[in-house]
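Please read the structure below before turning to the comments.
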Amino acid sequence: MRQAKSWTRVLVVITLLFPTVIHGAEIAQKIRIGLPSLALTYMPFYVAQEKGFLKKVGLEAEYIQMNTGIQPQALVNGNINFFPSLSTGISAAVAGLPLVVVLNFYNITPWMLVTNKDINKPQDLLGKKIAVSGIRTTGHQLMTAWFKKFEINEKEVGFIMTGGTAGSFATLASGQVAGAVLTPPYDDKAVTKGFKKFMLIGDLIDIPTSGLIASRAEVTNNRDRVQKTIAALFEAIGWIRANRPDTAKMIADKFQITPTEANGTYETLLSMFNKDGRLPAKVARGYLDLLRQERPLPADLDPQRFVDFSMLPGGR
């Protein structure tokens with residue numbers, strides 16, 4: 001309830017401070033957003049498009065299916081205007097690309113390791129393959145942490161990169177792998193096909209999940225467009241909170257699951273949203289520490305270099 005009130009206050013502030021954003025513009029601005037696959041964490045994007053919130057603020061959006069790994073360079077090259085993976089964006093920014101987090105949707109993500117029923121202990125995965133979206137994606141990093149927890153040599157377990165959660169589900173369902181890292185509702189869909197939820201891994205480490213990544217050039221040269229996109233996504237989240245039956249139906253239709261499964265998935269989605277669209281400094285610092293395990297980074301590297309929340313209500 002508190003979070004719902006917080007988002008309502010945010011919408012009021014947007015309306016008062018940026019009336020032109022809320023009421024739109026006569027000439028629609030075109031934007032392109034790269035999404036790797038159908039996923040629950042992208043629901044604000046689906047709602048913003050299908051319920052007309054992007055159009056309402058004067059934007060004409062095109063969603064481009066694009067592998068997570070190529071999104072940072074596509075953004076820098078101007079092929080797209082935004083993409084949602086915060087971990088991918090921050091990792092690319094640390095590597096030197098001029099990218100920045102402008103919005104964060106979630107506090108948590110319920111990433112689940114789903115396996116064949118004959119996997120009964122972590123060691124049973126030795127010599128087998130696991131499906132993840134891509135290298136250095138959230139699922140891959142969580143699995144790396146999971147291997148360390150159970151003292152498993154990562155090199156003894158193979159990865160198949162699928163490009164997105166939907167691809168990981170399809171790879172598991174077709175029998176190409178012994179396990180896959182999935183989010184709702186794909187974990188429940190896998191269970192109905194005879195697989196099992198082996199272990200929740202989303203709570204092993206703090207990893208930024210979904211929101212909005214923009215290039216620094218976009219923020220500098222098209223600030224109004226970034227602001228409008230943020231406003232539309234805020235309104236979409238407010239709509240999700242206020243419209244349980246319609247959101248559950250949308251989830252059921254999109255992911256081809258039963259109404260009962262969709263209602264459970266809706267509850268999961270609500271539990272994931274944060275209060276104000278910002279990425280906690282603790283999470284950003286923790287993610288930089290995680291990246292330090294892969295590459296040398298200065299000890300005093302400031303995570304604030306990779307975020308810009310000045311376009312959110314309340315500014316910095």
Side-chain angles (χ1 to χ4, degrees), residues 6-7 9-35 42 44-45 47-49 51-64 66 71-94 96-106 208-238 274-281 284 302-316:
S6 295
W7 281 96
R9 287 195 293 269
V10 163
L11 290 174
V12 170
V13 171
I14 291 175
T15 304
L16 292 174
L17 295 182
F18 311 116
T20 57
V21 169
I22 295 302
H23 294 296
E26 293 182 2
I27 300 176
Q29 293 179 290
K30 294 184 179 181
I31 60 171
R32 306 180 88 199
I33 299 174
L35 299 177
Y42 306 147
F45 290 98
V47 171
Q49 181 81 310
K51 296 302 176 182
F53 298 132
L54 286 162
K55 183 177 180 180
K56 180 179 176 181
V57 297
L59 297 175
E60 181 182 326
E62 180 183 4
Y63 291 171
I64 310 296
M66 180 180 291
Q71 288 178 0
Q73 196 61 57
L75 188 61
V76 172
N77 292 344
N79 302 115
I80 56 176
N81 301 97
F82 307 101
F83 67 82
S85 174
L86 303 193
S87 59
T88 299
I90 293 174
S91 179
V94 168
L97 291 185
L99 307 181
V100 63
V101 179
V102 296
L103 174 63
N104 170 44
F105 292 149
Y106 304 115
T209 307
S210 291
L212 203 65
I213 295 285
S215 68
R216 292 196 176 275
E218 182 79 11
V219 171
T220 300
N221 301 325
N222 298 290
R223 191 174 184 84
D224 179 64
R225 186 162 65 191
V226 179
Q227 185 174 282
K228 288 179 178 180
T229 306
I230 291 172
L233 292 169
F234 261 91
E235 191 160 5
I237 292 172
N274 65 16
K275 296 186 297 183
D276 55 12
R278 288 162 170 76
L279 181 68
D302 186 357
Q304 295 303 309
R305 288 177 51 186
F306 310 113
V307 302
D308 182 353
F309 298 131
S310 62
M311 289 164 286
L312 295 176
R316 296 182 186 279

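It should be emphasised that the depicted structure is a prediction, and the values quoted were computed from it without experimental measurement. Throughout, numbering of the chain's residues begins at 1 and tracks the sequence.
- The shortest distance between side-chain heavy atoms of L212 and F45 falls below 4.5 Å.
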Worked check of side chain to side chain contact (heavy atoms under 4.5 Å, CB included) between I213 and V101 | CA-CA 5 Å; I213 295 285; V101 179; 3.5 Å; yes

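- Side-chain contact between F53 and P44 is absent, with no heavy-atom pair separated by less than 4.5 Å.
- Taking OH of Y106 as the start and OG of S210 as the end, the distance is 6.0 Å to the nearest 0.5 Å.
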Side chain to side chain contact (heavy atoms under 4.5 Å, CB included) between Q49 and Y63, intermediate numbers included = CA-CA 9 Å; Q49 181 81 310; Y63 291 171; 3.7 Å; yes

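- The main-chain N or O of D224 is never found under 3.5 Å from a side-chain atom of N222 such that the two would form a donor-acceptor pair.
- Side-chain atoms of D308 never come within 3.5 Å of backbone atoms of V219 as a donor-acceptor pair (strictly under, hydrogens ignored).
- Nearest heavy-atom pair, Q71 versus M66, reported as atom, atom and distance to 0.1 Å: NE2-O, 3.0 Å.
- Listed by chain and residue number, R32 satisfy the salt bridge (Lys or Arg N to Asp or Glu O under 4.0 Å) test with E62 (two or more places apart in sequence, or in another chain).
- Between the side chain of N81 and the backbone N or O of I33 there is no donor-acceptor pair closer than 3.5 Å.
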Residues F309, L279; criterion side chain to side chain contact (heavy atoms under 4.5 Å, CB included); working and verdict = CA-CA 9 Å; F309 298 131; L279 181 68; 3.7 Å; yes

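- Between F82 and I230, every side-chain heavy-atom pair lies at or beyond the 4.5 Å cut-off.
- Rounded to the nearest 0.5 Å, atoms CG (L103) and CG (N274) are 8.0 Å apart.
- Atom CD of residue E235 and atom CG of residue L54 lie 10.0 Å apart, to the nearest 0.5 angstrom.
- Take N221 and apply the side-chain contact (heavy atoms from CB on, under 4.5 Å) test, not counting sequence neighbours, and it matches A217.
- Remark: R216 CZ is packed, more than 12 non-hydrogen atoms of other residues, nucleotides or ligands lying under 6.0 Å away.
- With contacts defined as side-chain heavy-atom distances shorter than 4.5 Å, the pair F105/L86 does not qualify.
- Atoms CG and CG, from N104 and D276 in turn, are 8.5 Å apart once rounded to the nearest 0.5 Å.
- Counting all heavy atoms, side chain and backbone alike, P72 lies closest to A92 at CB-CB, 3.7 Å.
- When all heavy atoms of A93 and L99 are compared, the pair lying nearest together is CB-O, 3.6 Å.
- The CD atom of Q29 sits 11.0 Å away from atom CD of E60, with the distance rounded to the nearest 0.5 Å.
- Considering every non-hydrogen atom in both G34 and P84, the closest pair reads O-CD, 3.0 Å.
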Could you walk me through whether K228 and I31 pass side chain to side chain contact (heavy atoms under 4.5 Å, CB included), step by step?
-> CA-CA 11 Å; K228 288 179 178 180; I31 60 171; over 6 Å; no

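- The two atoms that bring V57 and A232 nearest to each other are CG2-CB, 4.1 Å, heavy atoms only.
- A search for side-chain hydrogen bond (donor to acceptor under 3.5 Å, both in side chains) contacts involving T88 returns S85, not counting sequence neighbours.
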